[in-house]
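Both backbone and side-chain heavy atoms feed into the values below; hydrogens, waters and symmetry mates do not. Within every chain, numbering begins at 1; the chains are lettered A, B, ... in the order of the sequence lines, protein sequences first and strands thereafter. Keep in mind the model is a prediction, meaning the values are calculated, not measured.
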Amino acid sequence: MKKIKFLAFSALLLSTFTFQACKDDDDEETKPEEVIKFKHVFILNEAFQGTNQSTIDCYYPNGENSVQQKVYASTNGEGLGDNGQDIICYGKRVYLSVWGSNYIAKLDQNGKVLEKYSFKTDEGQPRYLVAKDGFVYVSTYGGKVAKFDTTTIAAPLGFVEVGAHPEEICVKDNYLYAAIAGDYNVKYENKIAVVDLSDFSFKEHIEILDDPTNVLALKDKLYVVHYTDPQNGITEVLEVNPSAKQYSVYSDGAKIATDGDNLFVISVATDWSNYPEVTTVTTYRKNKSSDSFLDLSSTPELSSSIVYMFEIDPENKDFYIGTTDYATKSVVYRFNKSGKFVEKFETSSLNPNSAAFVY
Amino acid sequence: MRILLLHLLLAVWLMMLCTNLLAQNTDTTIYRELEQVDVVGNGKRARSSVSQAFGREQIKTVPSADIAGVLRLGNGLNIKDYGGVGGLKTVSVRSLGASHTAVEYDGAPISNTQAGQIDISRFDAASISEIKVSVGQDDNLFKPAKMFASGAVLTLKSHNDNDLDNLKIHLKTGSFGYFATDLTLSQHLSKRLIIKADGAFLRSDGMYKYTLKNNKNISEQKRHNTDIISKKGEINLFYNDSNLQSFNLKLYGYDSRRGLPGSVIFYNDEANERLNDRNYFVQGDYKRRFFDALTTKLLVKYNYSFSHYTDRNVMYTDGKLTQNSTQREFFASWQNLWQIASPLTFSFAADYCYNMLLSNITDRLPKRYTVYSAANLRYYPAKWTAITVGSVHTHLREKTDVGTHLDNIDRFSPYLILKFYPTNKIAITTLYKNTFRVPTFNELYYTTLGSTNLKPEDAHEFNFGVSYNAKSWNFSTDFYRNNVDNKIVAIPTMYIWKMANYGRVKITGADISAAKHFTFANLAVNLSAGYSYQKAEDVTDKNSKVYGFQIPYTPLHSGNGWVEFAYKNYTLSATSVWSGKRYFLKNNIKDNEIDPYAEISVALSRQFEFNGSEFFIKISCINITDEQYDIIKFYPMPGRQFQLHISYNLTNKFYQNEKD
């Protein structure tokens, strides 16, 4: 029974990915002197639940394909633990959320841990991160969003209840939006929770469709990935108008990201029903166009890969696509903003799920 | 059903054909067929090429107090142990997987249709008199048909010294708050009727220390939420009418409450999982001999088991996850053994089996109806050879209240065993057996995870072995090839893991064992050692990167050693088990390795009489070197631990005197 439950858990965790990028907001501690080139990209590898094999790899986008593997372990002398869930860069600091090991950490640019906060039993284990105006927000499986001051994350400033199993969170203007997936053991939820950041209070729920997991804000809209058929892993993208509290189906799709102007959608359609003939058709679309935004001529394998991570470098708009085979190999591909392949590298552990672009 | 009838007709036909031979049979041959046990060599440690048995004396003097600890001294066995007294323990034979091992307890199968594998941790060594593991099946042809349908059989027998009237008290205590007691009372109610009552209690805190390695950071940690309390009660009635007929009745009850410490997660030692188990069964059998040559037996068993699992975490609705499962089983078996002629034995058995599961992990309410029918023939054409051939047919129908269910199964599982005895000391065994295991209720119906498209998982076993058994030493070596097809595995998908028939494993192995027995003045010495080589390759997909890789949790090299010195009433027993590196995930890379280990344990025991009562005292030190190791990754095994075992046996000589 234990084993089965473990599998069920892993199941949920495997579904996740993030697309947080560095926000060069007006945090006084971290305001960059000048706009400089990216120094490096931290790739967070989730690995399987229960294996304590989550790692961070450091990729230098200097065109020399240089990757430093397992930087967290080499810098800190210990592993980051089980199920790294999300990583973001905010100013000069990197924030890391580790679901299984139940903590968030503030790292310096080299990946050295400066501070850690382990969540208490009633607070719930951490999921996704977002930062704004000198604060870091974390969704937790306690049905909450926690607020931390970036100057010290030693203790949370407060929590707000948002609903069962909040997944990804994003910030737009003065509101935080959280995808509320619901307790998969009992009942899926179909909501986006809205939190007013001016007084850090719950404002309202926007009803959408069942089991939303990812959300991003683009212009005056929210884009949400939700499961139409969790059993078979089928997802679609919803477009939500938060002010009118209305939604519509945008397209099929599993991973979404934005460069600030456009929505990029990756669809991963896999037929799991017929082993061993597992077939995957992966498409890369910009907005509602049916053309691929990537030139796959030098990486044809990407048209049938399982995409686990999709990130866009907020500065130069490069695309980072992380794939997995759930067994032996995960590869991160980098394309430039016009969709031309730059390079690829293997990660040190399975299932890369998010990237932090560090100045 | 047609198949069952065919088997029946065949049986009747053979019976009529050979009526004239019936009178010629002797008691000794049928006794041999009924009671055949592979006790070889010095009679203490029995090892033939494909079956391994541990007798009462060994179980008693060996340092380990649990069945799993004893079985780890066997060859070619993978004992999965999640650590501690309450940790799940299962037996897989030659990498087939634990679900291919059928477990028999006092003549009837123990089953768990929901989980497939049987947790052997509940059987206390103190109340077991014989443990036997056989590849394919054991030599006894007089068994329920179901026992021929698996790739391997683990046979457990409780006390067999039933003809003595006695009171036995076992007390065991040791490290980590371990305390166990067992009280057995057996009494003749009349000359032929014996009652035996057995009550056992066990508790353990299990909060043992372990060393946690996290890169350069090495720390001392402690397991917690590892407590267990269990109670067991058994009442047996044995009636034996001087080999003509016998009747046995067993009532069994078991109740346990335990914490599940879970796997070690770095920086997070929250563990709130609890598991309560209850199991009751009643089994009765009646055996009768007809015309000297035919013995028939009827066995009926009703089994009820209930498990209640909870986990507390704020992420669950109302902070708690509860899973309740009730399983019911009705089992009936009709067994026949017929000594057609002195060199020819035929057996036929038909079983009916009903299993159901009521659980909140599924909305299906599955019910399974199975008819097993087995026919076996053993022929000794000459002194130098024996042929055993047989087949078991499985007829399975499944029903669920809603939704799809497992497809019908109608299949034969044949086997052939050829034995040659070039001399009376050498035995050459070749074996082929083709079996399958039916998907479990969890694999089929567990919410989101289960898949009703599953087919049975197939196993083919080939064995070639030579054993040499002389008075003072024995030696055996076996080579085998097993193929597992349509292996049922969990496949990760975008959202969840799904069960699928997606796996092929090719297992090539060798088991080598040697035992030496000698006496030196008053000192009796038993030495034995075993080595196993198991190359268990994942041959699922030629294009996969893991093609040809060793499957998880299977060491390429493993072995054991056992030394026993007996001097007067003292016995000093030392055992060691060791295992090479294993992988805990499919990919054979350094990151997925589990370190090799060697565990050494020592026990000193003394048996003596005092005022007509028998005492037995054993002091053992398990894992004397405090080896820190995992069998299952992140489920650390206990370090050094001490145990004291005292048993008291008060024998009533009254009936013995009367018999004389």
- Query: In terms of heavy-atom proximity below 4.5 Å to chain A, should B:F549 be classed as side chain, backbone, both, or neither?
  - Reply: neither
- Query: When heavy-atom pairs shorter than 4.5 Å are enumerated against chain B, which of A:G100, A:G124, A:G182 gives the highest number?
  - Reply: A:G100
- Query: Does any heavy atom of chain B fall under 4.5 Å from the side chain of A:K187, the backbone, both, or neither of them?
  - Reply: neither
- Query: So, for A:A73 and B:N215, which heavy atoms are closest and what is the spacing to 0.1 Å?
  - Reply: CB-OD1, 3.7 Å
- Task: Among the options A:G79, A:S74, A:G142, pick out the one with the most heavy-atom pairs lying under 4.5 Å from chain B.
- Result: A:G79
- Identify which of A:A164, A:S349, A:G81 forms the greatest number of heavy-atom pairs closer than 4.5 Å to chain B. A:G81
- Task: Look at atom CZ of B:R274 and say whether more than 12 heavy atoms of other residues, nucleotides or ligands are closer to it than 6.0 Å.
- Result: yes
- Is it true that atom NZ of B:K586 has more than 12 heavy atoms of other residues, nucleotides or ligands lying nearer than 6.0 Å? no
- Item | Taking every non-hydrogen atom, the tightest pair across A:D122 and B:V314 | O-CG2, 3.6 Å
- Item | Rounded distance [0.5 Å steps], CD1 in B:I265 versus CG in A:N102 | 10.5 Å
- If you count heavy-atom pairs under 4.5 Å with chain B, which of A:K116, A:Q53, A:K144 comes out on top? A:Q53
- Item | Check: A:Q125 and B:N313 side chains under 4.5 Å, non-hydrogen atoms | yes
- For the residue pair A:H165 and B:M315, what are the closest heavy atoms and their distance? NE2-O, 2.7 Å
- Task: Output yes when a side-chain donor or acceptor of A:N52 lies under 3.5 Å from a complementary backbone atom of B:V264, and no otherwise.
- Result: yes
- Nearest heavy atoms of B:F266 and A:S101, plus distance in Å: O-OG, 2.6 Å
- Message: As an exercise: rank A:I234, A:D82, A:N76 by heavy-atom pairs under 4.5 Å with chain B and give me the winner.
- Response: A:D82
- Query: Side chain, backbone, both or neither: which part of A:L350 has a heavy atom under 4.5 Å from chain B?
  - Reply: neither
- Which of these, B:L585, B:D591, B:N592, sits in a side-chain contact (heavy atoms from CB on, under 4.5 Å) with A:T51? B:L585
- Query: Is it the backbone or the side chain of A:E78 that comes under 4.5 Å from a heavy atom of chain B, or both, or neither?
  - Reply: both
- Message: If I measure from the heavy atoms of chain B, does A:T324 come under 4.5 Å with its side chain, its backbone, both, or neither?
- Response: neither
- Partners passing salt bridge (Lys or Arg N to Asp or Glu O under 4.0 Å) against B:K590 (at least two apart in sequence or in another chain): B:E593
- Item | Residue B:R312 excluded, over 12 heavy atoms near CZ under 6.0 Å | no
- Task: For atom NZ of B:K545, decide whether the heavy atoms of other residues, nucleotides or ligands shown that lie under 6.0 angstrom number more than 12.
- Result: yes
- Message: Can you tell me how far apart CG (A:N185) and CD1 (B:I361) are? Round to the nearest 0.5 Å.
- Response: 11.5 Å
- Per-residue contact mode, A:E123 against chain B (heavy atom under 4.5 angstrom): backbone
- Can the ring centres of B:W497 and A:Y326 be said to be less than 6.0 Å apart? no
